[in-house]
Amino acid sequence: MFVQSRKMTITEGNSHLVLERFSKPGILEKQEGFIDMKVLQKKVRRGEEEVLILVTWESEAHWKQWEKSDVHIAGHKANLNKPKPAHILNVEVAKYEVKAVKTAVQEN
């Protein structure tokens, strides 16, 4: 498995804008090799907020297929000359290979 993470630093009081965008149904769920997407909000009391998005794919090849797809490229081209939303302060992207997975064991 392969995971892409996107950690976004958001201005105070505005993480709901990112949460709404990434929580809606979209085209990603229909892509071959897509497993799931988790949208996490860091617990903070005050100040900048953080949203972490984890997208899991069956393989890195499936992720690359998505990155090179016409629909993905078209989405980026549509936003090419648009300014970054003011509520997004920073975005960090990383990629990981899954080396181990543990699941709950039910004991009777």
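None of the values given here were measured: they were computed from a predicted structure. Residue numbers start at 1 and run along the sequence shown.
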Apply side chain to side chain contact (heavy atoms under 4.5 Å, CB included) to Q4 and V93, showing your working. CA-CA 7 Å; Q4 180 195 36; V93 177; 3.5 Å; yes
Flag the pair [X] / [Y] as yes when at least one side-chain heavy-atom distance between them is below 4.5 Å, and no otherwise.
{"X": "I88", "Y": "I10", "answer": "yes"}
{"X": "E50", "Y": "V44", "answer": "no"}
{"X": "V18", "Y": "Q41", "answer": "no"}
{"X": "V101", "Y": "M1", "answer": "yes"}

Heavy-atom count check: over 12 atoms from other residues, nucleotides or ligands less than 6.0 Å from D70 CG? no
Are [Y] and [X] linked, directly or through intermediate hydrophobic residues, by side-chain heavy-atom contacts shorter than 4.5 Å (ILVMFWY only)?
{"X": "F34", "Y": "L54", "answer": "no"}
{"X": "L19", "Y": "L28", "answer": "yes"}
{"X": "I35", "Y": "V39", "answer": "no"}
{"X": "W66", "Y": "V3", "answer": "no"}

Out of curiosity, Q65 CD to H72 NE2, how far, rounded to the nearest 0.5 Å? 12.5 Å
Rounded to the nearest 0.5 Å, what separates atom CG in L89 from atom CD in E49?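 Answer rounded to 0.5 Å: 10.0 Å.
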Below 3.5 Å, can you tabulate the donor-acceptor pairs from side chains in residues 55-64 to any protein atom, sequence neighbours excluded?
unit_1 : atom_1 : unit_2 : atom_2 : d
T56    : OG1    : D36    : OD1    : 3.0
S59    : OG     : A61    : N      : 3.4
S59    : OG     : H62    : N      : 3.1
S59    : OG     : H62    : ND1    : 2.7
W63    : NE1    : E67    : OE2    : 3.4

For [X] against [Y], the heavy-atom pair lying closest together:
{"X": "F22", "Y": "M37", "value": "O-CE, 3.1 Å"}
{"X": "V51", "Y": "S15", "value": "CG2-CB, 3.9 Å"}
{"X": "S5", "Y": "L52", "value": "CB-CD1, 4.3 Å"}

Salt bridge (charged side-chain N to carboxylate O under 4.0 Å, His left out): which pairs involve residues 4-28, sequence neighbours left out?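 Checked against salt bridge (charged side-chain N to carboxylate O under 4.0 Å, His left out) - neighbours excluded - the pairs reaching residues 4-28 are K7-E92.
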